[in-house]
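Source: prediction; values computed, not measured. Residue numbers start from 1 in every chain, and the chains themselves are labelled A, B, ... in the order their sequence lines are given, proteins ahead of strands.
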Number of protein chains: 2
Amino acid sequence: MTKHTFISSKGQLQARWKSAFPDAVVRTEPGGERPDVLWWARVPLNSAELSSAIAAVPGVPVVVLSPEPVQEDAMHAIALGARGYCHSHATPSMLQQVAVAVTHGGLWLGPELMSRVMGAASERLLGEQAPDVDPGLDLLTPRERAVALEVARGATNKEAARRLDITERTVKAHLGAAFEKLGVRDRLQLVLALKYVPVDVDHAA
Amino acid sequence: MTKHTFISSKGQLQARWKSAFPDAVVRTEPGGERPDVLWWARVPLNSAELSSAIAAVPGVPVVVLSPEPVQEDAMHAIALGARGYCHSHATPSMLQQVAVAVTHGGLWLGPELMSRVMGAASERLLGEQAPDVDPGLDLLTPRERAVALEVARGATNKEAARRLDITERTVKAHLGAAFEKLGVRDRLQLVLALKYVPVDVDHAA
DNA sequence: AAGCCTATTGGACCGGTGGACAGGGTGGGC
DNA sequence: GCCCACCCTGTCCACCGGTCCAATAGGCTT
């Protein structure tokens with residue numbers, strides 16, 4: 001059975017959510033058992049809280065619910081890695097649709113926002129022809145890249161293995177190869193290398 | 001039963017697709033019965049053809065399949081309204097995942113592309129607006145902050161200890177406190193949690 | 001056919017990491 | 001004075017992470 005956890009400041013709307021997902025869990029704080037979908041209904045939207053909540057459950061799609069959807073909030077949520085954004089008063093069947101989409105690797109945004117996001121993304125990526133795209137990623141094989149990206153989202157080797165459907169040993173192999181190609185010594189510096197390009201490690205010196 | 005139509009120039013890979021969707025229809029030209037998902041496997045990708053094919057079936061999610069996924073092609077497809085982009089040699093189960101996501105209103109892109117698109121969209125739509133600042137760091141005591149910043153630069157516990165002139169044990173103590181305050185489980189997630197803070201850090205002074 | 005790259009996995013090793021017990025020392029507020 | 005927050009240190013231990021030794025298999029180039 002799919003597990004759903006709702007994070008709500010006031011615990012309201014539980015009835016509606018339980019209607020969509022009868023065995024849903026409603027909490028006021030993140031934590032507890034790892035759900036299949038994490039619904040973020042805290043208002044107002046706090047980037048820091050949302051960010052760490054998302055980081056705390058790598059691999060779990062996070063959907064942000066808002067009582068009055070605002071594009072800016074939605075974009076913040078997306079920027080932080082949320083996989084969905086919709087009205088907190090959405091009908092149960094709508095919520096179920098969203099759940100299905102995100103648990104299958106999709107991004108769910110609602111028609112209007114979706115087209116805006118897609119438009120903006122293509123403007124950004126086609127317009128400037130990827131100037132600051134990590135040269136690092138291009139050095140990696142597709143598999144190494146996939147593993148590196150999982151790790152860069154905060155996943156452990158075990159979690160990355162589960163997400164990519166390979167053994168932990170293989171994750172280590174790809175990671176090791178990525179370390180060597182990028183000239184870093186561990187996963188943390190790999191993340192830094194993928195964020196801002198140069199790693200100014202004067203530490204070891 | 002969900003109906004799937006594949007548009008392929010050469011009609012190849014039919015076996016693979018039929019394995020995923022036994023009653024799929026493979027065509028060389030768009031048209032015919034209205035499917036639930038339209039899979040576009042024509043190579044090379046032609047924007048005009050794809051555009052009119054998408055326009056011809058409003059409401060039907062279109063997924064572009066490519067034998068060798070390229071970001072630029074993906075962005076063109078997205079810009080034209082495609083709801084998904086993935087490898088044409090994807091496993092049947094993967095295709096099924098994609099199908100489920102897009103038929104439920106989702107956008108399916110694969111981890112790497114997805115994060116790029118999301119990042120690009122938020123950059124474009126949020127502009128240079130600084131996110132609402134200083135969540136994490138202000139929760140920490142000065143010493144915890146110093147340790148966290150060392151770690152965020154890629155230092156090991158031992159290196160941080162040497163730079164701050166304390167024992168490795170103390171570094172662990174501060175780090176552990178920082179983990180708890182920020183609600184993360186390890187140093188990597190701590191870095192991610194601090195990532196969305198303006199890092200002006202000239203702390204070395 | 002031979003060679004290379006990629007992807008995958010196994011076993012073993014060992015240092016780094018994080019949590020669970022501990023403390024002791026300082027300074028400020030009530 | 002007491003309490004409390006902060007800073008610093010210690011030991012023990014389970015687990016994770018990174019690297020070494022391999023091996024098998026498929027695809028691609030020469």
Side-chain angles (χ1 to χ4, degrees), chain A residues 31 52 55-56 58-59 137-193 199 201 203-204, chain B residues 12-13 16 67-69 87-91 94 110-112 137-193 203:
Chain A
S52 52
L137 284 178
D138 296 349
L139 297 176
L140 306 182
T141 68
R143 233 30 194 159
E144 289 164 358
R145 206 175 309 157
V147 171
L149 287 172
E150 282 302 322
V151 167
R153 287 188 58 80
T156 63
N157 288 342
K158 193 171 304 191
E159 288 168 347
R162 198 163 50 83
R163 297 250 316 153
L164 298 175
D165 196 30
I166 53 182
T167 61
E168 188 177 349
R169 182 62 191 81
T170 308
V171 170
K172 286 186 177 183
H174 288 311
L175 259 190
F179 291 159
E180 182 159 2
K181 287 183 180 176
L182 298 182
V184 298
R185 69 178 174 208
D186 57 35
R187 61 211 293 113
L188 205 153
Q189 293 199 347
L190 180 142
V191 172
L192 296 179
V199 185
V201 200
H203 287 63
Chain B
Q12 58 186 2
L13 279 175
R16 199 170 195 96
E68 41 178 289
H87 204 292
S88 50
H89 289 76
T91 63
M94 171 80 80
E112 185 185 353
L137 287 179
D138 286 2
L139 296 176
L140 306 181
T141 68
R143 227 40 188 154
E144 289 164 358
R145 202 175 312 153
V147 172
L149 288 174
E150 282 303 322
V151 167
R153 298 185 52 180
T156 63
N157 288 342
K158 192 171 307 194
E159 288 168 349
R162 200 159 43 88
R163 285 175 69 89
L164 298 175
D165 195 32
I166 52 181
T167 62
E168 188 177 347
R169 180 61 191 87
T170 308
V171 171
K172 286 185 179 183
H174 289 312
L175 255 192
F179 291 159
E180 184 157 1
K181 286 183 180 176
L182 297 181
V184 299
R185 69 175 173 212
D186 56 37
R187 60 213 295 113
L188 204 153
Q189 294 197 348
L190 179 141
V191 173
L192 295 180
H203 63 292

Listed nucleotide nearest any side-chain atom of B/D186, set C/dA7, C/dG18, D/dC6 = C/dG18
query = At under 4.0 Å, does any side-chain N or O of A/T167 touch on OP1 or OP2 of C/dT8?
reply = no
message = Counting only side-chain heavy atoms from C-beta out, which of C/dT8, D/dT9, D/dG18 sits nearest to A/L175?
response = D/dG18
key: Spacing between B/K181 atom NZ and D/dA5 atom P, to the nearest angstrom   = 10 Å
note = To the nearest angstrom, the CG-C1' distance between A/L140 and C/dT6 comes to 13 Å
request  = Check the pair A/T170 / A/H174 against side-chain contact (heavy atoms from CB on, under 4.5 Å), numbers first and verdict last.
outcome  = CA-CA 6 Å; A/T170 308; A/H174 288 311; 3.6 Å; yes
inquiry  = Expressed as a whole number of angstroms, how long is the span from A/R145:CZ to C/dT6:P?
reply    = 11 Å
request  = Looking only at side-chain atoms of B/T156, point me to the closest of C/dT17, C/dG10, D/dC8.
outcome  = C/dT17
message = Taking only side-chain N and O atoms of B/T141, does any of them lie within less than 4.0 angstrom of OP1 or OP2 on D/dA5?
response = no
query = Which nucleotide sits closest to the side chain of B/P142: C/dT8, D/dC7, C/dG16?
reply = D/dC7
ask   = Between B/R169 and B/N157, do the side chains contain an N or O donor and an N or O acceptor separated by less than 3.5 Å?
value = no
Upstream residue (5' side of DNA chain D) when A/K158 and A/G176 are each assigned their closest nucleotide = A/K158
task = Looking at every strand, decide which applies to B/T170 at a 4.0 Å heavy-atom threshold: base, sugar-phosphate, or nothing.
result = base
query = Rounded to the nearest 0.5 Å, how far does CG of A/L140 lie from CG of A/L190?
reply = 7.5 Å
inquiry  = Within the 4.0 Å heavy-atom criterion, would you say A/A177 contacts the bases, only the backbone, or no part of the nucleic acid?
reply    = nothing
task = May I ask you to evaluate whether B/N157 reaches the phosphate of C/dG16, defined as a side-chain N or O under 4.0 Å from OP1 or OP2?
result = no
ask   = Atom NZ of B/K172 and atom P of C/dA20: how far apart are they, to the nearest Å?
value = 13 Å
request  = Check whether any side-chain N or O of B/Q189 sits under 3.5 Å from a backbone N or O of A/G154 as a donor-acceptor pair, and report yes or no.
outcome  = yes
inquiry  = Can you say whether a donor on the side chain of A/R169 sits under 3.5 Å from an acceptor on the base of C/dG11, or the other way round?
reply    = yes
inquiry  = Tell me the interatomic distance from A/L188, atom CG, to C/dG18, atom C1', rounded to whole angstroms.
reply    = 15 Å
Rounded distance in Å - CD (A/E168) to P (D/dC15) = 13 Å
remark   = Rounded to whole Å, CG of B/L190 lies from P of C/dT17 at a distance of 13 Å
ask   = B/E159 CD to C/dG16 C1': how many Å, rounded?
value = 11 Å
key: Phosphate-side-chain proximity, B/R143 and D/dC8, N/O vs OP1/OP2 below 4.0 Å   = yes
Nearest-0.5 Å distance that lies between atom CD in B/E159 and atom CG in B/L164 = 11.5 Å
